[in-house]
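Before any comments, here is the structure.
In what follows, every chain begins at residue 1, and chains take the letters A, B, ... in the order their sequences are listed.
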Amino acid sequence: MGKEIPKQYISSESEDIIYERWEKSGFFNPDNIISAKKYCNVLPPPNANGELHLGHASGYSVMDIFGRYERMSGKKVLLLPGKDHAGIQTQVVFEKKIRDERGIGRHALGRVRFYKESYEFCKKSSDYMRGQEKKLGISADWSREKFTLDSDVTKVALETFVKMYGDGMIYRGRRIINWCPHCGTALSDVEVLHKEEDGKLYYIQYPIKNSKEFIVVATTRPETMLGDAAVAVHPKDKNYFNFIGKTAILPLQEREIPIIADRRIDMDFGTGAVKITPAHDPVDWQIGKTHKLPEHQVINEEARITRLGGKYKGQNVLEARKNILEDLAKLGLLGKEESVKISKSICERCKSAIEPLISKQWFVKVDAEKYSLKQEALKAVRGGKINFYPESLRKIMIQWLNNLEDWCISRQIWWGHRLPVWQKLKAKSEKLKVNGNKKESKTETYVGLEPPKGEDWIQDPDTFDTWFSSGQWAYSTLGYPDQLDYRKYYPTDMMVMGRDILPFWASRMIMLSLYRTKKIPFKNLYFTGLIRDKDGFKMSKSRDNGINPLEMIKKFGSDAFRLSVIMNVSPGQDSRLYEEKIESFRNFITKLWNICRYAIQTDENFTLFEKITRRDLKTLAEKWIISELEETTKAVTDLLKKKNISLAQERLRKFTWDDFADWYIEINKLENNPKVLGYIVDKILKLWHPFTPFVTEKIYSLAKKDKEKLLMMERWPRSEKKFVSQKAKEDFADFKELVIKIRNTRGNYHINPGETIVAFSEKSGEKDLIERLAKVKFLAIADVPAKVIHIKTRKRSLSLDISHLIDVKKEIAAIEAEMANLEKLAQKTEAMLNNQKFISGAAKEVVDTYRMKLKEYREKIVVQLGLLKNLYGL
RNA sequence: GGGCAAUUAGCUCAAUUGGCUAGAGCAUCUCGUUUACACCGAGGGGGUUGCAGGUUCGAGUCCUGCAUUGCCCACCA
């Protein structure tokens, strides 16, 4: 009996200690690994002041599995962690915090102070987040951790802007954008959510100039009519054919507006005539551009009516809507009201209604003359230089890139990278120089990393869209363009992200990386799906169905949790998670623990063996289990290379539990072979380590003589082909079949598993094993009673002395049923083999397996026939 | 409206890309506390792979149509 080891692995007592050992070893830092080969994965940065959620957890698990596998394969592995400043979200959160605690808004603090305090707030929260990330066991190099607002990361982002400006890819333009009146900033389309709501469609009559006729338009936002620039109809719409080219009088404003024809109008909606408000609707803006309509801004940044709105000035949009409807009714111009579903745009962060406004913003031209971000990215994605997991998402990205429009990158918030743009009014003398070009702007613009010299320069107050900087994350964190890390680790090998941010992030990284570094940023792009609850619902606060990863780790252990988010999960596919599932993986961890506990405790001198020789394999069981082990090693390695985590793990689990624990260990109790045991334990600990790092490291420390050695740094096992034996496999399968048949017979006759049956060996090796595994006792062949039941396989046979229990009819029926089944299979297979098309069409190996199969069916039929004869004799 | 994905045992999912009798876990039923493990072991039941066609020697896998569900994009005056 070896040393005492507890029956169960207590994860909570070990994990922190093990993590500390890993960190102290210094091997999370690739500088301490000597190798010519490298592997790099820049981790997507979570929000610095967020909580770790399941999305992070599943992504990190994937990244760490590959990272640990590559490290064990002998590469310098860099998993580079970071934190994101999360622009708008953090500003909203922090401003709420100071308002709650100090009763002041950000303006009271001032821009500089607000930025500084937000920074400190984020840094403090980062520590908390980092602690949570470590609980997952992620083997990242924390000494290299980056924050999106770090000076070096910032510098790269600003440089990109300056370079783009120089290349004519940046312009400042008046465009219609999504404006959040509450956050006070422009939002990109992806920051806007759409919500179905009940609304009203109002029919309003617009009088025609010099006529008694009206044209009736339908609108859900009557207040925008103050800014109407036209009424539009479809050119083919017969109802309005005569109206085109006429002039309507805009009610309330008494302004003359043209009636125009445009194909973008849907004849079947409302009246078929539409009021056009270029300043307050994206589609109207487009139509306005085509027809060169004026843009009357009647709603301001606070969602109130402007001076142009006349008597409604200062009212918010809802007040104005009410008053306008009343006034229209008084004039008799308001027609029917219709209830409709409208899709309302709301701010992703604060949920307030979005106002489409025309605003001066900075844009990136995605298809500029000098360099097309879009075309270059499309080339790279189509070209197959990036592996997609799953492959199907490549198409989606291509489609998204194709539809890409110019990218609004300015945000009117304080928390972020401020644009490196300064402006000042031109001096009079300079104005003269422009030779009367009236279009020339009155202001002078300077774009550069350092503030310009001279006076009166004012820096643009806007900050960058977060994606502009995080789109550069893959190289800005590595010290582009001249740092050692950049030269060594770029392009990176792997990028893992949630499928939901595929278009926004991955494509931006590809575009910006190609532009600046001329290289694709990563070779493999792996997507995780969404983790849902047991009933398939999204986890959300409002539904209160969320699972907190840290609670689960505390309860079931980090390893079990990790398995639960990656097992049976394919890339890009949603999966479901619930406690029972995590529990079942915890049970597996206990199993693994006890397998090793058995090995270590059985033998006082237990040692791990990295190598064995053929001479160490004496019995059939040993030859078989080692053969399986080597095949499993190869399969797991191949599957990991193909980035198929789920199948790799399934294969490993099958070997560990079904083959090793259920069969070999039971046999080992009779034929102990310390060398074989030590070899298998050594190998499975290594194979399991990327999947379940904590428990395997813990066991390794118990099993290994040299306590200082880390499993994390051991070499990934090779598959020893010379131990793979088809013969051992077949022979052991036959042995297993015999044991299972005896067990089945017991089951059929309700003989307790504990009760020993007397048996007589006819043709069978491994007698002692059969005695143990099937709970039988062999007696000398001379004592065979007249009535016995025979158990036969192709190679083995024996008889059981349970004739007093035998129900001959039942037994015959069972055997006849099996024979019929075998007969059916044999006929089917034979028919295939007689089919000339099959013989010539199918691969040779396939044909061979069917030939073997047929032979096997026939042999089995003979065996059953023998049994039948015996039964008739009873 | 356009696109994508999914539909396999009661539930959650596999099936190595068209080839061995479609497999696991959970749940369920029977039996059992054999000194690694009851967080366990042995055994059983449970499937017309959503529906209808097609291609093929062979289809869960490929094609067409339909149905249901989910996601993304666009539109919603």
Side-chain angles (χ1 to χ4, degrees), chain A residues 1 5 7-8 189 194 201 217-221 224 232 265-266 269-271 273-277 281 283-284 340-343 390 392-393 395-396 399-400 403 499-500 502-503 530 532 534 536 556 567-570 572-578 580-581 583-602 635 638-639 642 644 646-647 650-651 653-654 658 661-662 665-666 669 740 743-744 746-748 750-755 772-775 821-822 824-825 828-829 831-832 835-843 845-847 849-850 852-853 856-857:
Chain A
M1 197 66 174
I5 294 173
K7 281 186 176 182
Q8 277 159 24
D189 289 345
H194 299 277
L201 187 62
V217 299
T219 179
T220 55
R221 297 200 58 193
T224 61
I265 306 303
D266 179 356
F269 191 93
T271 59
V274 187
K275 57 191 268 324
I276 300 296
T277 323
D281 183 279
V283 176
D284 291 7
V340 286
K341 288 265 181 234
I342 53 168
S343 151
S392 60
L393 289 185
K395 249 196 286 182
I396 295 182
Q399 188 192 342
W400 192 85
N403 295 331
R499 169 201 171 120
D500 46 337
L502 149 86
L530 193 66
R532 298 166 173 278
K534 192 170 187 174
F556 299 111
M567 177 63 184
N568 261 354
V569 175
S570 333
Q573 286 300 338
D574 290 356
S575 63
R576 302 184 185 196
L577 188 68
Y578 37 90
E580 296 92 301
K581 202 166 179 175
E583 192 182 359
S584 76
F585 287 106
R586 192 271 322 269
N587 294 351
F588 171 73
I589 300 289
T590 310
K591 189 75 186 179
L592 183 63
W593 175 263
N594 276 291
I595 288 168
C596 300
R597 177 174 183 255
Y598 166 81
I600 298 168
Q601 280 191 351
T602 316
D638 288 348
L639 287 165
K642 284 192 225 161
N644 195 332
S646 183
L647 272 187
E650 193 179 310
R651 181 75 201 246
R653 183 195 150 99
K654 190 190 166 316
D658 299 353
D662 288 347
I665 287 191
E666 290 310 314
K669 287 173 182 171
I740 288 171
R743 285 173 179 170
N744 279 341
R746 303 180 79 103
N748 290 342
H750 303 288
I751 304 165
N752 284 350
E755 193 181 316
R772 179 179 174 90
L773 296 180
K775 204 72 181 161
N821 182 36
L822 284 166
K824 216 172 78 191
L825 288 167
K828 199 177 132 194
T829 312
M832 279 174 80
N835 186 333
Q836 209 42 51
K837 279 182 182 165
F838 170 66
I839 300 293
S840 54
E845 307 88 71
V846 175
V847 178
T849 54
Y850 276 96
M852 272 173 57
K853 211 70 209 163
E856 208 179 302
Y857 293 145

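The phosphate of B/rG44 (OP1 or OP2) has a side-chain N or O of A/Asn744 nearer than 4.0 angstrom. Residue A/Asn587 places at least one side-chain N or O closer than 4.0 Å to OP1 or OP2 of B/rC40. Listed pair A/Lys7 / B/rC40 fails the phosphate criterion, with no side-chain N or O lying under 4.0 Å from OP1 or OP2. Proximity of A/Lys669 to the phosphate of B/rA36: a side-chain N or O atom is located under 4.0 Å from OP1 or OP2.
Looking at which nucleotide of RNA chain B each of A/Glu580 and A/Asp266 is closest to, the 5′-most match is held by A/Glu580. The residue among A/Ala599 and A/Thr590 whose nearest nucleotide of RNA chain B lies closer to the 5′ end is A/Ala599.
Within the nucleic acid shown, A/Ala661 comes within 4.0 Å of at least one base atom, counting heavy atoms only. At the heavy-atom level, A/Ile589 lies nowhere under 4.0 Å from the strands shown.
A/Ile665 meets the side chain to side chain contact (heavy atoms under 4.5 Å, CB included) test with A/Ile595, A/Tyr598, A/Phe660, A/Lys669; sequence neighbours excluded. Take A/Thr271 and apply the side chain to side chain contact (heavy atoms under 4.5 Å, CB included) test, not counting sequence neighbours, and it matches A/Tyr203, A/Val216, A/Tyr240, A/Ala273. Residues forming a salt bridge (Lys or Arg N to Asp or Glu O under 4.0 Å) with A/Asp281 (at least two apart in sequence, or on another chain): none. Not counting sequence neighbours, A/Arg597 has no partner by the salt bridge (Lys or Arg N to Asp or Glu O under 4.0 Å) test.
The side chain of A/Gln8 has B/rC39 as its nearest neighbour among B/rC37, B/rG43, B/rC39.
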Exercise for review: For RNA chain B, just give me the dot-bracket, please: Watson-Crick or G-U, both distances below 3.5 Å, ( ) intra-strand, [ ] crossing earlier pairs, | paired with another strand, . unpaired.
Suggested key: (((((((..((((.....[...)))).(((((.......))))).....(((((..]....))))))))))))....

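More than 90° away from 0 lies the glycosidic angle of B/rU33, which makes this nucleotide anti.
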**Study point:** Base-contact (B) and sugar-phosphate-only (S) positions in nucleotides 12-25 of chain B, heavy-atom cut-off under 4.0 Å, - elsewhere
**Key:** SBS-S--BBB---S

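Atom P of nucleotide B/rA6 and atom CG of A/Leu393 are separated by 11 Å, given to the nearest angstrom.
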